*Asks:* 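Pasting in a structure now, in structure tokens, and then I'll have a few things to ask.
Only a predicted model underlies this, so the values are computations on that prediction, with no experimental measurement involved.
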Amino acid sequence: MISFKNVSFCYPSYGQEPKKALADVSFTIPDGTFVGIAGNMGSGKTTLCSLMSGLLKPTSGQIERTGSVSFAMQFPENQLFEGTVIKDVMFGPLNRGLSEKEARMISEKCLASLGLGESFFDRNPLRLSGGEKRRVALAGILSMDADTIILDEPCAGLDPKWRDRLYGILQDLNRKGKTVIIVSHNTDDIARYCRTMLYLKSSELADIGNVGDVICRHEELENSSMAFARRLSEAGMEIDYKKAVTTEDLASLIADRQSSL
């Protein structure tokens, strides 16, 4: 569980007025939830994640959290530092107190789940491609086996195949009771995979609730399925485009409309 009560955060600006990144934010994320966080650049999304993970302390307000938390920043590949891929992924489990054998077994499993087999283990992670670096960094986060996993734009730099593979892994972890929190500018991904959505706007929590409900309440959150449905509606098809939150919703609306003709 992560709970914010009237939380605000200001970055120091040295001689000028402190810059408020979050203002009076309150919400509770229960255990086992799959949450998506959306908002424009500068709305406070990364600051919110840093506060949830404990990397930052609030300027005011209270934060409560239960269980362990792991956080992959927006460019997790910048966190790579060991000389080999396997050592980098093992770093977290070893610091949790696992034996070297246990840490290696977990790390190999996490790497394999992201398509990085034995041939990668002894390679220098800094000499991999951008997408491979991203997958190594994500394997390191997964190897921590935290109760809550926070990922800031986890699919940036991943092709569609690995985006779907990663979300599949996150869904499996969520079904096993893990709390998963993702930041994404892609409301299609949030609509498809998340159950709850937080929408930040101008450093404030503008909305929180069921993903479909939140997206429908804010025109600026319109995703590709809704945009296509809106164009169909404007062309004369009598459908409620706001109900087309996912591609499955869109297909269902079109099928229902066709069957009624």
Side-chain angles (χ1 to χ4, degrees), residues 1-76 78-79 92 95-96 141 144-154 156 170 173-174 177-187 189-191 193-221:
M1 181 270 293
I2 296 177
S3 179
F4 278 43
K5 185 176 181 181
N6 305 118
V7 171
S8 295
F9 182 82
C10 296
Y11 287 102
S13 53
Y14 306 104
Q16 300 177 358
E17 279 292 317
K19 180 183 177 182
K20 184 166 283 190
L22 284 178
D24 197 30
V25 172
S26 296
F27 63 85
T28 297
I29 296 175
D31 291 336
T33 309
F34 202 135
V35 180
I37 301 174
N40 293 332
M41 185 179 297
S43 59
K45 303 186 298 296
T46 297
T47 300
L48 181 69
C49 291
S50 297
L51 288 162
M52 286 194 290
S53 66
L55 289 178
L56 294 177
K57 302 298 181 185
T59 303
S60 61
Q62 296 180 326
I63 300 175
E64 295 182 23
R65 66 179 68 82
T66 57
S68 55
V69 179
S70 62
F71 173 33
M73 297 180 183
Q74 191 167 359
F75 302 102
N78 292 338
Q79 299 167 239
N95 276 272
R96 284 174 46 220
I141 295 297
M144 293 290 290
D145 194 31
D147 300 303
T148 298
I149 302 165
I150 304 173
L151 304 169
D152 191 352
E153 298 287 2
L170 296 176
L173 291 171
N174 182 243
K178 303 288 187 184
T179 302
V180 179
I181 302 170
I182 63 162
V183 172
S184 180
H185 69 279
N186 189 332
T187 52
D189 285 348
I190 291 177
Y193 296 105
C194 302
R195 295 195 299 274
T196 301
M197 184 173 183
L198 277 74
Y199 175 41
L200 294 176
K201 192 173 183 179
S202 301
S203 304
E204 297 181 352
L205 181 61
D207 207 345
I208 181 172
N210 173 271
V211 171
D213 293 339
V214 173
I215 290 176
C216 288
R217 285 195 288 262
H218 303 273
E219 290 185 2
E220 62 270 28
L221 294 177

*Asks:* Give every residue pair that meets the ring pair (Phe, Tyr, Trp, His ring centres under 6.0 Å) criterion with at least one member in residues 28-51, sequence neighbours excluded.
*Replies:* none

*Asks:* Going by heavy atoms in the side chains, are Val183 and Thr46 under 4.5 Å from each other?
*Replies:* no

*Asks:* What's the spacing between Ile2 CD1 and Met52 CE if we round to 0.5 Å?
*Replies:* 5.5 Å

*Asks:* Please list, chain by chain and in numerical order, all residues satisfying salt bridge (Lys or Arg N to Asp or Glu O under 4.0 Å) with Arg96, sequence neighbours excluded.
*Replies:* none

*Asks:* Can you sort out the partners of His218 under ring pair (Phe, Tyr, Trp, His ring centres under 6.0 Å), two or more places apart, ordered by chain and number?
*Replies:* Tyr199

*Asks:* Show me the pairs that pass side-chain hydrogen bond (donor to acceptor under 3.5 Å, both in side chains) and involve residues 54-69, at least two apart or across chains.
*Replies:* Ser68-Asp147

*Asks:* Give the minimum heavy-atom separation between Ile150 and Ser53, together with the two atoms involved.
*Replies:* CD1-N, 4.1 Å

*Asks:* Can you tell me how far apart CD1 (Ile37) and CG (Leu151) are? Round to the nearest 0.5 Å.
*Replies:* 10.5 Å

*Asks:* Mind listing the closest non-hydrogen atom pair of Ser203 and Gly42 along with its distance?
*Replies:* OG-O, 4.3 Å

*Asks:* Test your reading of the model: is there a side-chain donor-acceptor pair from Thr179 to the backbone of Gly32, 3.5 Å cut-off?
*Replies:* yes

*Asks:* At what distance, to the nearest 0.5 angstrom, does CD1 of Ile181 lie from CG of Leu170?
*Replies:* 12.0 Å

*Asks:* With side-chain contact (heavy atoms from CB on, under 4.5 Å) as the criterion, how do Leu48 and Phe27 come out once you've worked through the C-alpha distance, each side chain's angles and the decisive distance to 0.1 Å?
*Replies:* CA-CA 11 Å; Leu48 181 69; Phe27 63 85; 3.8 Å; yes

*Asks:* So which of Leu55, Leu22, Leu200, Val25 actually passes side-chain contact (heavy atoms from CB on, under 4.5 Å) with Thr47?
*Replies:* Leu22

*Asks:* Return the CG to CD1 distance between Leu51 and Ile63, rounded to the nearest 0.5 Å.
*Replies:* 4.5 Å

*Asks:* What is the minimum heavy-atom distance between Ala191 and Ile215, and which atoms define it?
*Replies:* CB-CD1, 4.0 Å

*Asks:* Can any side-chain N or O of Asp152 pair as donor or acceptor with the backbone N or O of Ala72 at less than 3.5 Å?
*Replies:* no

*Asks:* Between Thr33 and Val35 (side chain of the first, backbone of the second, donor and acceptor by atom type, cut-off under 3.5 Å), is there such a pair?
*Replies:* no

*Asks:* Show me the side-chain donor-acceptor pairs of residues 3-10 shorter than 3.5 Å, one per line, residues at least two apart or across chains.
*Replies:*
from	atom 1	to	atom 2	distance (Å)
Ser3	OG	Thr28	OG1	3.2
Asn6	ND2	Asp24	OD1	2.9
Ser8	OG	Asp24	N	2.8

*Asks:* Do other residues, nucleotides or ligands put more than 12 heavy atoms under 6.0 Å from Asn40 CG?
*Replies:* no

*Asks:* Show your reasoning for whether side-chain contact (heavy atoms from CB on, under 4.5 Å) applies to Ile141 and Ile149.
*Replies:* CA-CA 8 Å; Ile141 295 297; Ile149 302 165; 4.1 Å; yes

*Asks:* CE of Met73 to SG of Cys49: how many Å apart, nearest 0.5 Å?
*Replies:* 10.5 Å

*Asks:* Name all residues meeting the salt bridge (Lys or Arg N to Asp or Glu O under 4.0 Å) criterion together with Glu220; count only those two or more places apart in sequence or in a different chain, and write none if there are none.
*Replies:* Lys201

*Asks:* Please report the C-alpha distance between Val180 and Tyr193 in whole Å, then the side-chain angles of each, then the deciding distance to 0.1 Å, and finally whether the side-chain contact (heavy atoms from CB on, under 4.5 Å) criterion is met.
*Replies:* CA-CA 10 Å; Val180 179; Tyr193 296 105; over 6 Å; no

*Asks:* Kindly compute the distance separating NE2 (His185) from CD1 (Ile190), expressed to the nearest 0.5 Å.
*Replies:* 9.5 Å

